[in-house]
Amino acid sequence: MAQKKLADEINLLEESSKSSANLFLLATKDEKIIGTANMKSFLRKRISHRGTFGISVLKEFSGQGIGSMLLAEIINYAKSVNLEILELEVRTDNIPAIHLYKKFGFKEYGLYEKFFKIDHKYYDGTLMLLVLN
């Protein structure tokens, strides 16, 4: 399983390097990765004004401002590469994450039933976006 996760991360990094509008961030403490964030722009011209992203922080480090720091960097970078909209999907039961995104100005714009499937169980997703200009 660890090899699969490592291969997934390598693929994500390779994909991120294909566009200057993509970004991959690491948050570390004592040489340990405690958080990651990645932003990907869309390559198709008609949707190239949009970007999507994800943030993950280890549970034992949640509530320490790491997610806020990563999200601020994502937003600043998105603006610097002239993206107009950032969007994401978050589990509807991830209240702390939804609160974080709203704190930065994201709005809920939809519900996607059974968006996530984790260990054979479905979870709904809240679709959120931030207009940058």
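Everything numeric here is computed off the predicted structure, so don't read it as measured data. Starting from 1, each residue takes its place in the sequence as its number.
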Pairs of donor and acceptor atoms involving the side chains of residues 88-102, under 3.5 Å and at least two apart or interchain, shall be tabulated with distances.
residue : atom : partner : partner atom : Å
Arg91   : NE   : Asp93   : OD1          : 2.9
Arg91   : NH2  : Asp93   : OD1          : 3.4
Arg91   : NH2  : Asp93   : OD2          : 2.8
Asn94   : OD1  : Ala97   : N            : 3.2
Lys102  : NZ   : Glu108  : OE2          : 2.9

If the condition is side-chain hydrogen bond (donor to acceptor under 3.5 Å, both in side chains), which residues does Lys79 pass it with, not counting sequence neighbours?
none
Scan residues 123-133 for pairs that pass salt bridge (charged side-chain N to carboxylate O under 4.0 Å, His left out), counting only residues two or more places apart or in two chains.
none
I'd like to check the side chain to side chain contact (heavy atoms under 4.5 Å, CB included) partners of Arg46; sequence neighbours left out, ordered by chain and number.
Arg44
Residues passing the side-chain hydrogen bond (donor to acceptor under 3.5 Å, both in side chains) test with Thr52, sequence neighbours excluded, are none
About how many Å separate CD1 of Ile74 and CG of Leu86, when rounded to the nearest 0.5 Å?
7.5 Å
Indicate the atoms forming the closest heavy-atom contact of Ile55 with Ala37, along with that distance.
CG1-CB, 3.9 Å
For Glu87, what residues pass the salt bridge (charged side-chain N to carboxylate O under 4.0 Å, His left out) criterion, not counting sequence neighbours?
Arg50
Closest contact, heavy atoms only, Ile47 versus Phe42
O-CB, 3.4 Å
Excluding Leu129, membership of its hydrophobic cluster (Ile, Leu, Val, Met, Phe, Trp, Tyr; side-chain heavy atoms within less than 4.5 Å) reads Ile85, Tyr109, Tyr112, Phe115, Phe116, Ile118, Tyr123, Leu127, Val131
Atom pair CG/CG of Leu71 and Asn76 - distance to nearest 0.5 Å:
9.5 Å
Between Phe106 and Phe53 (judged by ring centroids, cut-off 6.0 Å), do the two rings come close enough to count as a pair?
yes
On a heavy-atom basis, which atom in Phe61 and which in Ile34 lie closest, and how many Å separate them?
CE1-CG2, 3.4 Å
Are Tyr122 and Leu111 joined in one hydrophobic group, where the rule is that I, L, V, M, F, W and Y side chains link up if heavy atoms are under 4.5 Å apart?
no
Connected via hydrophobic side-chain network under 4.5 Å: Met69 and Leu23:
yes
Does Phe104 share a hydrophobic cluster with Val81, counting links as ILVMFWY side-chain heavy atoms below 4.5 Å and allowing steps through other members?
yes
Taking atom CD1 of Ile33 as the centre, report whether more than 12 heavy atoms of other residues, nucleotides or ligands fall under 6.0 Å from it.
no
What is the minimum heavy-atom distance between Ile66 and Ala27, and which atoms define it?
CG2-CB, 3.8 Å
Nearest 0.5 Å, please: how far is CG in Leu132 from CG in Leu83?
7.0 Å
If you measure from CD1 on Ile75 to CG on Leu70, what distance do you get to the nearest 0.5 Å?
11.5 Å
Residue pairs passing the side chain to side chain donor-acceptor pair (under 3.5 Å) test where at least one lies in residues 23-35, sequence neighbours excluded
Lys32-Glu60
